[in-house]
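One structure is given here, and the rest of the page talks about it.
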Amino acid sequence: MAREARAKAHSLAGLELARLAIGVMALALSIAASDAFAARHSRAHSRSRLPEPAPRQLPYPQLELPLQIAGTQYAPVAWSDIAGWSEDDHLSAYKAFRTSCKPIAAQTGAPSDSKALGTSLRDPCRIAKGLDLADSAAAKAFFEQNFLPLRISRLGEGEGFVTGYYEPVIDGSRTQNEVYNVPVYRRPSNLFVRGTNQNSVGLPNKGQVFRKIGRRKLVPYYDRAEIEDGAIEGRGLEICWLRNQTDLLFSQIQGSARVNLDDGSTLRINYDAHNGYPYTAVGRILIDRGIIPKDQMSMQKIREWMEQNPEGANELRRQNRSYIFFREVQLSDKDEAVGAQGVPLTPGRSIAVDKSLHVYGTPFFIEGQLPIESEVSKTPFHRLMIAQDTGSAIVGPARADLYFGAGSDAGKIAGRLKNNMRFVILVPKSLDPAARGRLVPVPDARPSQKIAKLFPQTDPLKDPKNAAPAVTPPAAGSTQKPATPTAQAPSTAQATVAKPVPLPEARPATAPASEKSRRRHRRYRQ
């Protein structure tokens with residue numbers, strides 16, 4: 001029995017050794033299979049891994065927008081969505097546009113100052129030069145084929161603002177006498193504007209103007225009060241003489257005038273320069289003083305008040321320190337006034353715009369209601385206008401002064417305009433902002449919320465850790481001097497630079513393992 005027990009024990013030991021050997025072999029095969037699977041997965045992953053992205057710049061670089069007009073918002077609009085577009089007289093607008101195209105088509109070099117439209121108007125102008133259209137439908141087709149409409153306004157606003165202007169017709173004389181004793185001055189020789197000379201025609205109506213003393217000394221030019229008190233009289237600068245200062249003031253506000261001389265002839269004068277002071281609206285002063293209610297304000301009301309209050313008119317006029325100098329222009333009675341572009345204006349189609357933002361010759365469709373028939377009327381106004389003039393008070397992307405012609409009737413209409421209107425700017429198709437916008441790269445995605453928490457961004461100058469230590473004043477009677485910061489050691493707040501937030505790496509696109517491989521892998525690991 002002892003031998004049988006020993007044999008049985010040897011048999012059990014052999015069986016355990018066999019089982020152990022089988023387990024070791026199974027484990028080795030599982031590890032080998034796992035390594036092979038990992039190797040295949042690594043090779044597949046290396047083949048499918050996307051190329052490393054280029055290093056990203058933080059903060060994201062400033063990109064040039066398709067059409068940049070400072071402080072402006074714009075959006076494409078369909079022709080059919082422009083109220084009154086189909087009912088307008090496009091032929092009249094086309095003729096005014098062709099008038100503007102004469103100097104534009106003749107341009108060859110780059111413009112002296114960069115604006116959003118730049119030289120893009122040259123292409124439609126050269127097309128218009130060869131088209132002698134005779135009906136409104138063809139003119140409408142021309143604008144629709146060569147331009148794109150954009151609704152435009154100041155940033156954050158929905159509408160623009162319009163006023164009106166005209167060419168006054170006043171009485172005057174070539175010589176001074178008891179009736180005509182208010183001088184109309186031409187530009188003085190000692191009036192100096194940097195970047196221009198005395199041969200320049202039509203100096204800018206904004207910016208600094210100096211009076212040149214000697215060869216080098218420059219001082220501000222005389223203001224209105226000083227000129228009215230005789231600062232430049234007796235120098236042979238008088239073009240003609242008017243009846244009163246009110247006629248001169250309104251001629252200066254409008255920028256031109258027709259002077260019916262006492263000898264039966266007509267003299268035409270146009271803006272030439274200003275004295276460098278900003279324009280102050282006398283109508284606004286009358287409103288602020290409670291003399292004329294805002295809803296009743298017009299140029300006619302201002303004139304009536306000045307005629308009835310000569311002493312008050314003298315003080316009010318001098319509140320506007322700006323003063324305009326004129327030049328004589330050779331125009332007949334049938335010719336319209338010449339705008340800042342250098343072309344004759346068209347009543348009802350020409351507008352003055354902000355020259356710092358817009359280009360002369362640009363078409364604008366203006367829609368809304370205006371008090372044209374009377375002071376209280378709301379006459380529908382839906383009209384394509386052409387930018388051909390400018391003015392010191394015309395500021396903003398959707399701001400226009402509408403020209404109504406010459407004479408008292410035009411003055412009555414122009415004098416009561418101060419209305420909100422909707423603006424649509426027509427840009428050449430070469431500046432299509434939608435097409436150009438597709439070329440602007442999309443900015444990188446923002447970091448995840450987890451990354452943002454791990455790397456918070458703080459302003460070094462506002463971080464309390466970088467605050468300068470408080471200086472404790474010495475105790476009373478102490479000889480210790482208070483500590484003063486040294487100029488050589490810059491503060492920690494100034495030296496600290498915020499670290500950019502690292503963006504997460506792109507997750508590789510790996511193909512999922514097949515179901516058969518997953519089952520085999522699970523079986524080996526059991």
Side-chain angles (χ1 to χ4, degrees), residues 163 165 167-168 170 172 176 181-242 244-257 259 267-285 299 302 306 313-329 337-340 342 352 354-356 389-395 401:
T163 51
Y165 74 114
E167 186 180 21
I170 52 181
Q176 183 180 13
N181 57 8
V182 175
V184 176
Y185 288 122
R186 62 174 51 89
R187 186 200 315 172
S189 60
N190 64 344
L191 186 146
F192 177 77
V193 179
R194 286 192 175 95
T196 63
N197 55 55
Q198 282 296 320
N199 295 326
S200 301
V201 177
L203 297 183
N205 59 4
K206 297 179 182 178
Q208 290 183 317
V209 176
F210 302 96
R211 178 164 53 93
K212 202 168 185 179
I213 301 177
R215 304 181 68 178
R216 294 185 177 180
K217 187 175 181 180
L218 297 176
V219 298
Y221 208 81
Y222 302 115
D223 67 0
R224 176 177 294 275
E226 292 172 315
I227 295 174
E228 288 186 1
D229 289 340
I232 60 175
E233 68 180 4
R235 296 175 51 186
L237 299 174
E238 297 83 1
I239 298 176
C240 63
W241 303 81
L242 304 182
N244 54 56
Q245 289 284 358
T246 303
D247 285 343
L248 176 61
L249 175 65
F250 277 86
S251 299
Q252 292 175 328
I253 293 174
Q254 303 305 317
S256 64
V259 183
L267 172 66
R268 306 290 295 276
I269 55 176
N270 260 41
Y271 168 91
D272 193 37
H274 77 125
N275 64 340
Y277 292 90
Y279 169 75
T280 301
V282 294
R284 170 55 58 184
I285 298 175
M299 285 188 286
I302 297 174
M306 285 185 166
N314 184 57
E315 183 272 335
L316 175 66
R317 207 172 47 249
R318 293 172 179 234
Q319 296 296 316
N320 176 29
R321 302 180 69 188
S322 175
Y323 195 91
I324 302 300
F325 301 100
F326 291 95
R327 71 178 185 272
E328 185 176 352
V329 291
V338 176
D354 188 343
K355 189 178 183 295
S356 66
D389 206 354
T390 189
S392 58
I394 312 304
V395 180
D401 215 9

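Keep in mind that the numbers below use all heavy atoms, side chains included, and drop hydrogens, waters and symmetry copies. Bear in mind that the values here come from a model prediction, so they are computed numbers and not experimental data.
- Residue Phe192 holds its CZ atom at 5.5 Å from NZ of Lys212, rounded to the nearest 0.5 Å.
- Considering only residues two or more places apart in sequence or on other chains, Glu233 meets the side-chain contact (heavy atoms from CB on, under 4.5 Å) condition with Tyr185.
- Between Ile239 and Leu267 there is a side-chain heavy-atom pair separated by less than 4.5 Å.
- You'll find the side chain of Phe210 stays beyond 4.5 Å of the side chain of Leu191, heavy atoms only.
- Judged by distance alone, with hydrogens and angles left aside, the side-chain atoms of Asn275 form a donor-acceptor pair with the main-chain N or O of Tyr222 at under 3.5 Å.
- Partners of Ile253 under the side-chain contact (heavy atoms from CB on, under 4.5 Å) rule, at least two apart in sequence or in another chain, are Leu249, Tyr279.
- The two residues Gly283 and Ile302 come nearest to each other via the heavy atoms CA-CD1, 3.8 Å.
- Checked against side-chain contact (heavy atoms from CB on, under 4.5 Å), Gln245 has the following partners two or more places apart in sequence or in another chain: Val182, Glu228, Leu248, Arg317.
- Annotation: the span from Arg224 atom CZ to Thr280 atom OG1 amounts to 10.0 Å, rounded to 0.5 Å.
- Residues satisfying the salt bridge (Lys or Arg N to Asp or Glu O under 4.0 Å) criterion with Asp401, sequence neighbours excluded, are absent altogether.
- When every heavy atom of Ala340 is checked against every heavy atom of Asp389, the shortest pair comes out as N-OD1, 2.9 Å.
- Atom-to-atom distance recorded for Asn314:CG and Arg318:CZ is 4.5 Å, nearest 0.5 angstrom.
- Looking at every heavy atom in both residues, Ser256 comes nearest to Asn270 through CB-OD1, 3.4 Å.
- Residue Phe326 holds its CZ atom at 4.5 Å from CD1 of Ile269, rounded to the nearest 0.5 Å.
- For the residue pair Asp247 and Asn244, the shortest heavy atom distance occurs at N-OD1, 2.8 Å.
- Looking at Val193 and His274, their side chains never come closer than 4.5 Å, going by heavy atoms from C-beta outward.
- Using a 4.0 Å cut-off between charged side-chain N and carboxylate O, Glu328 and Arg186 make no salt bridge.
- Between Met306 and Leu316, the shortest heavy-atom contact is CE-CD2, 3.8 Å.
- Under the salt bridge (Lys or Arg N to Asp or Glu O under 4.0 Å) criterion, Arg321 pairs with Asp223, not counting sequence neighbours.
- Of the inter-residue distances, the one linking Gln252 atom CD with Asn320 atom CG reads 8.0 Å to the nearest 0.5 angstrom.
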Query - side-chain contact (heavy atoms from CB on, under 4.5 Å) evaluation trace for Ile232 with Leu237 - result: CA-CA 8 Å; Ile232 60 175; Leu237 299 174; 4.2 Å; yes
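- Contact between Asn181 and Pro183 at its shortest, heavy atoms only, is O-CD, 3.6 Å.
- Shown here are the side-chain contact (heavy atoms from CB on, under 4.5 Å) partners of Ile213, two or more places apart in sequence or in another chain: Arg211, Lys217, Val219.
- If you take OG on Ser251 and OH on Tyr271, they are separated by 15.0 Å, rounding to the nearest 0.5 Å.
- A perpendicular orientation is assigned to the rings of Tyr221 and Phe325, their planes being inclined by more than 60° (bins at 30° and 60°).
- Checked by atom type, the side-chain pair Asp354/Ser356 shows a donor-acceptor distance below 3.5 Å.
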